[in-house]
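Remarks on the structure that follows.
Everything numeric here is computed off the predicted structure, so don't read it as measured data.
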Amino acid sequence: MIFILASALLLAGLAAGHISVISPCPRYSSIGTNCPVLPAGQSLDTDMDTPISSVPLNLHQPLCKHTVPWPKPAATWKAGESVTIKFDPDSVIHSGGNMEFSISYDGGITFAVIYQMLRYAFLNGKPSGETNAAQVLEYTFTLPNDLPNSNSAVFAWTWLPASADREFYMNCADVAITGSSSNSYTAKEVTIVNYPGYPTVYPLVNATSDNYNTGIQYYTTDVKKVT
């Protein structure tokens, strides 16, 4: 009975939702902005704000969650210019954590990082304790100048929450890249944790202590470059 109750509480926590990108519109999002028409045979996803992987629940969905792209790009970006990524205002941020934005040119197999926010994602700095209240829900940054042009690039947001138990989040949006003369882009490979075949990282923060450097090596030193 105790096990059943604990499992039900965990599932209820996931169902309550956490956070997701709303712009550019992730694949099949029911809350995204300026979303393309759904691909044939696909349905809107009303659980975009739940993890793609949870070690305690033995939950593991495909990277990007949805592998069939939008029929057309959800956004068109120009290399070297600023873009803004927006998140659902009705969000639970699990005390921050490590977040990356990355780009794929091979259909979502290989992702190269274009922006990092480490330790205190969705916050203005280190919090005084556990918190679920977001302080930052938009991130504006400059795209690398050497992103190659493409009508079928895949943008990804990934997140290791600080106070959730061994979860990993990922949303993907199909985007077009213009204005570049480059043929390739080389950068750090996206960090994946708490997912089959990848490192397990325990919570960075709990009710009695915090260590925002837990697992930070997978984002800073224990990394490899991809093109």
Side-chain angles (χ1 to χ4, degrees), residues 6-7 9-22 26 29 31-32 45-65 85-102 111 113 115-139 155-173 188-220 222-223:
S7 297
L9 289 172
L10 280 170
L11 287 169
L14 286 179
H18 304 272
I19 192 168
S20 73
V21 174
I22 58 172
S29 174
I31 60 172
D45 186 340
T46 59
D47 292 316
M48 291 299 299
D49 55 357
T50 57
I52 65 162
S53 183
S54 168
V55 176
L57 290 181
N58 195 29
L59 167 70
H60 308 298
Q61 297 175 314
L63 294 178
C64 280
K65 189 175 183 181
I85 311 302
K86 298 180 181 180
F87 291 86
D88 180 10
D90 184 19
S91 296
V92 175
I93 66 154
H94 293 303
S95 306
N98 300 322
M99 176 177 80
E100 291 182 319
F101 300 145
S102 57
F111 285 92
V113 171
Y115 182 85
Q116 281 185 323
M117 174 55 66
L118 301 182
R119 300 180 180 86
Y120 313 128
F122 309 113
L123 297 166
N124 290 321
K126 185 176 180 179
S128 57
E130 288 187 86
T131 179
N132 283 321
Q135 297 171 335
V136 181
L137 287 171
E138 294 187 10
Y139 284 91
F155 165 80
W157 161 71
T158 50
W159 177 45
L160 168 65
S163 58
D165 189 5
R166 291 165 291 165
E167 294 180 348
F168 186 69
Y169 291 72
M170 186 175 195
N171 291 168
C172 291
K188 172 195 168 298
E189 185 175 32
V190 69
T191 296
I192 299 173
V193 295
N194 298 335
Y195 194 85
Y198 294 90
T200 297
V201 178
Y202 282 81
L204 287 60
V205 177
N206 57 44
T208 59
S209 65
D210 66 73
N211 182 1
Y212 277 91
N213 286 322
T214 301
I216 200 69
Q217 70 272 20
Y218 302 123
Y219 291 84
T220 56
D222 188 7
V223 301

(request) Write down the atom of Trp159, the atom of Ile93, and the distance for their closest heavy-atom approach. (result) CZ2-O, 3.0 Å
(request) Return the minimal non-hydrogen interatomic distance between Ile19 and Leu137, and the atom names on each side. (result) CD1-CD2, 4.2 Å
(request) Scan residues 204-215 for pairs that pass salt bridge (charged side-chain N to carboxylate O under 4.0 Å, His left out), counting only residues two or more places apart or in two chains. (result) Lys126-Asp210
(request) Could you label the plane-to-plane angle of the Tyr139 and Tyr115 rings as parallel, tilted or perpendicular, counting under 30° as parallel and over 60° as perpendicular? (result) tilted
(request) Supply the atom-to-atom distance Leu118 CG to Met99 CE, rounded to the nearest 0.5 angstrom. (result) 9.5 Å
(request) Could you grab the distance from atom SG of Cys64 to atom CG of Asn171, nearest 0.5 Å is fine? (result) 9.0 Å
(message) Using the ring pair (Phe, Tyr, Trp, His ring centres under 6.0 Å) criterion, which residues pair with Tyr212? Sequence neighbours excluded.
(response) Tyr120
(request) Return the set of residues passing salt bridge (Lys or Arg N to Asp or Glu O under 4.0 Å) with Lys86 (not counting sequence neighbours), or none when no residue passes. (result) none
(message) Counting only heavy atoms from other residues, nucleotides and ligands, does the tally under 6.0 Å from CG of Asp90 exceed 12?
(response) no
Residues 197-205, side-chain donor-acceptor partners within the protein, below 3.5 Å, at least two apart:
none

(request) Of all the heavy-atom pairs spanning Val190 and Ser102, show the shortest one and how long it is. (result) CG2-OG, 3.8 Å
(request) Can you measure from CD1 (Ile192) to OG (Ser53) and round to the nearest 0.5 angstrom? (result) 10.0 Å
(message) Using 0.5 Å steps for rounding, measure from the CG atom of Leu160 to the OG1 atom of Thr191.
(response) 9.5 Å
(message) Give me the atom names and distance for the closest heavy-atom approach of Glu138 to Val136.
(response) O-CG1, 3.3 Å
(message) For a side-chain contact (heavy atoms from CB on, under 4.5 Å) check, start with the C-alpha distance between Arg119 and Asn98, then their side-chain angles and the critical distance, and finish with the verdict.
(response) CA-CA 5 Å; Arg119 300 180 180 86; Asn98 300 322; 4.2 Å; yes
(request) Would you check if the side chain of Ser29 reaches a backbone N or O of Pro26 as a donor-acceptor pair within less than 3.5 Å? (result) no
(request) Mind checking ring pair (Phe, Tyr, Trp, His ring centres under 6.0 Å) for Phe111 and listing every partner two or more places apart, or none if nothing turns up? (result) none
(request) Apply ring pair (Phe, Tyr, Trp, His ring centres under 6.0 Å) to Phe155 and list each qualifying residue two or more places apart in sequence or on a separate chain. (result) Trp77, Phe101
(request) Please report the closest heavy-atom contact between Met170 and Thr158, naming both atoms and the distance. (result) CG-CG2, 3.7 Å
(request) Grab the two heavy atoms, one from Pro161 and one from Tyr169, that are nearest each other, plus how far apart they are. (result) CG-CE1, 3.7 Å
(message) Using 30° and 60° as the class boundaries, would you call the ring planes of Phe87 and Phe122 parallel, tilted or perpendicular?
(response) perpendicular
(request) Could you check if a side-chain atom of Val55 sits within less than 4.5 angstrom of a side-chain atom of Asp165, using non-hydrogen atoms only? (result) no
(message) Using only atom types and a distance under 3.5 Å, with no angle test, would you say the side chain of Ser95 pairs donor to acceptor with the backbone of Thr131?
(response) yes
(request) Enter the distance from Gln135:CD to Leu123:CG here, rounded to the nearest 0.5 Å. (result) 5.0 Å
(message) Keeping Asn132 on the side-chain end and His94 on the backbone end, is there a donor-acceptor pair under 3.5 Å?
(response) yes
(request) Mind checking the CG-CD spacing from Leu57 to Glu167? Nearest 0.5 Å is all I need. (result) 7.5 Å
(request) Flag the pair Pro56 / Arg166 as yes when at least one side-chain heavy-atom distance between them is below 4.5 Å, and no otherwise. (result) yes
